[in-house]
Protein chains: 4
Amino acid sequence: MSGINKVILVGHLGKDPEVRHLDGGVTVASFPLATSETYNKDGKRVEQTEWHNIVLWRGLAEVASKYLQKGKLVYIEGKLRTRSFEDKEKVKKYVTEIVAENFTMLGRKSDFEQSPTATIHQAPAERKIEDEFTIGPSDENGDLPF
Amino acid sequence: MSGINKVILVGHLGKDPEVRHLDGGVTVASFPLATSETYNKDGKRVEQTEWHNIVLWRGLAEVASKYLQKGKLVYIEGKLRTRSFEDKEKVKKYVTEIVAENFTMLGRKSDFEQSPTATIHQAPAERKIEDEFTIGPSDENGDLPF
Amino acid sequence: MSGINKVILVGHLGKDPEVRHLDGGVTVASFPLATSETYNKDGKRVEQTEWHNIVLWRGLAEVASKYLQKGKLVYIEGKLRTRSFEDKEKVKKYVTEIVAENFTMLGRKSDFEQSPTATIHQAPAERKIEDEFTIGPSDENGDLPF
Amino acid sequence: MSGINKVILVGHLGKDPEVRHLDGGVTVASFPLATSETYNKDGKRVEQTEWHNIVLWRGLAEVASKYLQKGKLVYIEGKLRTRSFEDKEKVKKYVTEIVAENFTMLGRKSDFEQSPTATIHQAPAERKIEDEFTIGPSDENGDLPF
DNA sequence: TTTT
DNA sequence: TTTT
């Protein structure tokens, strides 16, 4: 039976999206997203920031690379995926990413003046499971995509 | 400004919850949760399973250890948290976990015969950010909690 | 700027889906869904059930009518939509519905023996806003679809 | 068995929160929230706005009345509840509301300068089901709270 | 009108 | 390591 694997984030991009074109012409974009939480500790206001690795595929990657930039506030919906790779020293490592399924730009209108205002969805024909595509450090130079 | 960091999962426990009592009497429970996705690839039905590291604190940990077992179907709501630790060889590693905020047991009644049927929430006074508590491999014996 | 309008439900169908074919060949299905919450009141276990009006369009309606029946446990994701209509006495009324965007069958396998096990999504080309289609009492016979 | 009844909204307040104090000193706040969706229809950009009736109880109502105003952008999490009431003519009517469980203010920092930046949760002891409290038109003057 |  |  099927399960549910859903992530909902609202946060700011830590960097501009990094776009890559895989063999076969598939586009992948990725960027770090920060979600901050503020709480009181001994009467003081403390902020804790969590960083998330966001990955977008194909059309969604192209829209993201066009409209999202470092610092923008964005709503992202996607699913968790943990994948393994070998680093430069051939050590097996794991990274957990959020594979985006759709996103919506939030924040001041001026931030997105030439941009679409709708929620951007993963295009339909593109909704396959992406695991055949091995992106990441092991393919290229051992650096994390984030 | 605050962000949103929310995870929603429906899946089966891969193992019984593992319960630990930290110094100071704080209870932590953890277990792996599988969410399966089925899709068609070249006309064949393929199943892909994603494994998630679930962590529960205090009262929620105690309820989980009492009512959840390997194989059970459960709805879990929580937030993502990536933490670092050093493995036995002093190599810095990262693990992404879902810190549960509430859960609901799903599935056949017989699966939960002596159990409560309500959604179990993290008790209020317990809703602090848990980062002061360094659980995990480096503290104790080098094993991942998962 | 765009907003977010998302509903996540896990519950049981109160009736079999009711299927209608609109002019133009568009299929619409609808059914009531019950979500139950259990809580303690003065030491007694009390159950409170909320009923939701679920609406599905086109391909999603067809899949639902094929695989969902009264009593089944289902995960539904969709959006809220409130629409007005006139009842038999020409009184303007409002009804709030959940327009489903995808669903996943949960529960025992035997419940879904000949059914697909994947999450069912609204097909892509079908992802338009449905407000041109005025279904409901005023069109036909004054009965609520629920 | 318990179900799930969850709503996630990001939108703008249509009015300032309206605060009421029930007998017994319980505070209730309510306001309309707009979520907009933009889509293409025959090559033209069309915006469709959905209005939601938000209700907040006790401490959450008090925080909302203090920090939220007409026009602000807010993330709201809650559950659906449909209740009936009699209007001035003693006609039974239904209204579906979102009972907020927590909210987070989004948007420009200047919008919330003297405000907390954390997600505001329904305080724990307050997490009861609210159906003993009959708020709404029938109690007072026949007007919808929205 | 569901389910436990 | 789950489940169907």
Side-chain angles (χ1 to χ4, degrees), chain A residues 1-5 82 94, chain B residues 9-18 30-39 45-54 67-76 98 103-120 143-146, chain C residues 9-18 30-39 44-54 67-76 98 103-119 143-146, chain D residues 1-5 82 94:
Chain A
M1 194 209 40
S2 271
I4 301 300
N5 173 359
T82 299
Y94 294 87
Chain B
L9 303 172
V10 177
H12 292 91
L13 280 81
K15 294 183 185 172
D16 285 352
E18 182 185 316
S30 60
F31 56 82
L33 186 84
T35 58
S36 299
E37 188 174 355
T38 317
Y39 63 102
R45 188 148 287 287
V46 182
E47 186 180 77
Q48 178 165 332
T49 296
E50 189 67 35
W51 286 97
H52 309 274
N53 302 325
I54 310 297
Y67 295 114
L68 298 180
Q69 296 105 35
K70 177 176 174 173
K72 295 306 182 220
L73 182 66
V74 69
Y75 168 97
I76 294 180
I98 288 93
F103 69 85
T104 299
M105 296 166 289
L106 303 172
R108 281 162 290 171
K109 194 193 175 175
S110 58
D111 287 354
F112 298 109
E113 239 147 39
Q114 334 89 306
S115 77
T117 58
T119 296
I120 315 301
D143 294 328
L144 259 180
F146 297 100
Chain C
L9 303 172
V10 177
H12 292 91
L13 280 81
K15 294 184 185 172
D16 285 349
E18 181 185 316
S30 60
F31 55 82
L33 187 84
T35 58
S36 298
E37 189 174 355
T38 316
Y39 63 101
K44 274 186 230 161
R45 186 149 289 286
V46 182
E47 186 179 76
Q48 178 165 330
T49 296
E50 190 67 35
W51 286 97
H52 310 273
N53 303 325
I54 311 296
Y67 295 114
L68 298 180
Q69 295 105 36
K70 177 176 173 172
K72 295 305 181 219
L73 182 65
V74 69
Y75 168 96
I76 293 179
I98 288 94
F103 68 84
T104 299
M105 297 166 287
L106 303 171
R108 281 162 290 170
K109 195 195 175 174
S110 57
D111 285 354
F112 298 109
E113 240 148 37
Q114 333 88 306
S115 78
T117 59
T119 296
D143 293 329
L144 259 182
F146 297 98
Chain D
M1 194 206 40
S2 270
I4 301 300
N5 172 359
T82 298
Y94 294 88

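The sequence lines fix the lettering, A, B, ..., with proteins before strands; numbering per chain opens at 1.
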Over how many whole Å does the gap from [X] atom [atom1] to [N] atom [atom2] extend?
X       : N      : atom1 : atom2 : value
F31(C)  : dT1(E) : CZ    : P     : 18 Å
L68(C)  : dT1(E) : CG    : P     : 20 Å
L106(C) : dT2(E) : CG    : P     : 19 Å
L13(B)  : dT2(F) : CG    : C1'   : 8 Å
D16(B)  : dT2(F) : CG    : P     : 11 Å
Q69(C)  : dT2(E) : CD    : P     : 15 Å
Y75(C)  : dT2(E) : OH    : C1'   : 20 Å
R45(B)  : dT3(F) : CZ    : P     : 19 Å

Considering every strand and a 4.0 Å limit on heavy-atom distances, what is the contact class for T35(C): base, sugar-phosphate, or nothing?
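Nothing, no heavy atom under 4.0 Å.
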
Would you indicate what G71(C) reaches in the nucleic acid, counting non-hydrogen atoms under 4.0 angstrom: base, sugar-phosphate, or nothing?
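If one applies the 4.0 Å heavy-atom cut-off, G71(C) turns out to touch the sugar-phosphate alone, with no base involved.
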
So how far is it from L33(C) CG to W51(C) CH2, rounded to the nearest 0.5 Å?
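Going from CG on L33(C) over to CH2 on W51(C), the span is 7.5 Å.
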
Working to the nearest 0.5 angstrom, can you tell me the gap between N5(D) CG and L9(C) CG?
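Taking CG in N5(D) and CG in L9(C), the distance rounds to 6.0 Å.
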
Identify which one of T104(C), L106(C), L13(C), I54(C) satisfies the side-chain contact (heavy atoms from CB on, under 4.5 Å) criterion when paired with V74(C).
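Going through T104(C), L106(C), L13(C), I54(C) one by one, the side-chain contact (heavy atoms from CB on, under 4.5 Å) with V74(C) is satisfied by L13(C) alone.
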
Among [options], the one nearest [X] by side-chain distance:
X      : options                : value
E47(C) : dT1(F), dT3(E), dT2(F) : dT3(E)
A34(B) : dT2(F), dT1(F), dT2(E) : dT2(F)
K15(B) : dT2(F), dT1(F), dT2(E) : dT1(F)
H12(C) : dT2(F), dT1(E), dT3(E) : dT3(E)

Quick one: does D16(B)'s side chain have a donor or acceptor within less than 3.5 Å of a partner on K70(B)'s backbone?
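Side chain of D16(B) to backbone of K70(B): a pair is present.
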
Aro-ring/base stack W51(C)-dT1(E), d under 5.5 Å, angle under 30°
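A stacking contact exists, since W51(C) sits close and nearly parallel to the base ring of dT1(E).
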
Candidate pair V46(B) and T38(B), rule side-chain contact (heavy atoms from CB on, under 4.5 Å), full reasoning:
CA-CA 6 Å; V46(B) 182; T38(B) 317; over 6 Å; no

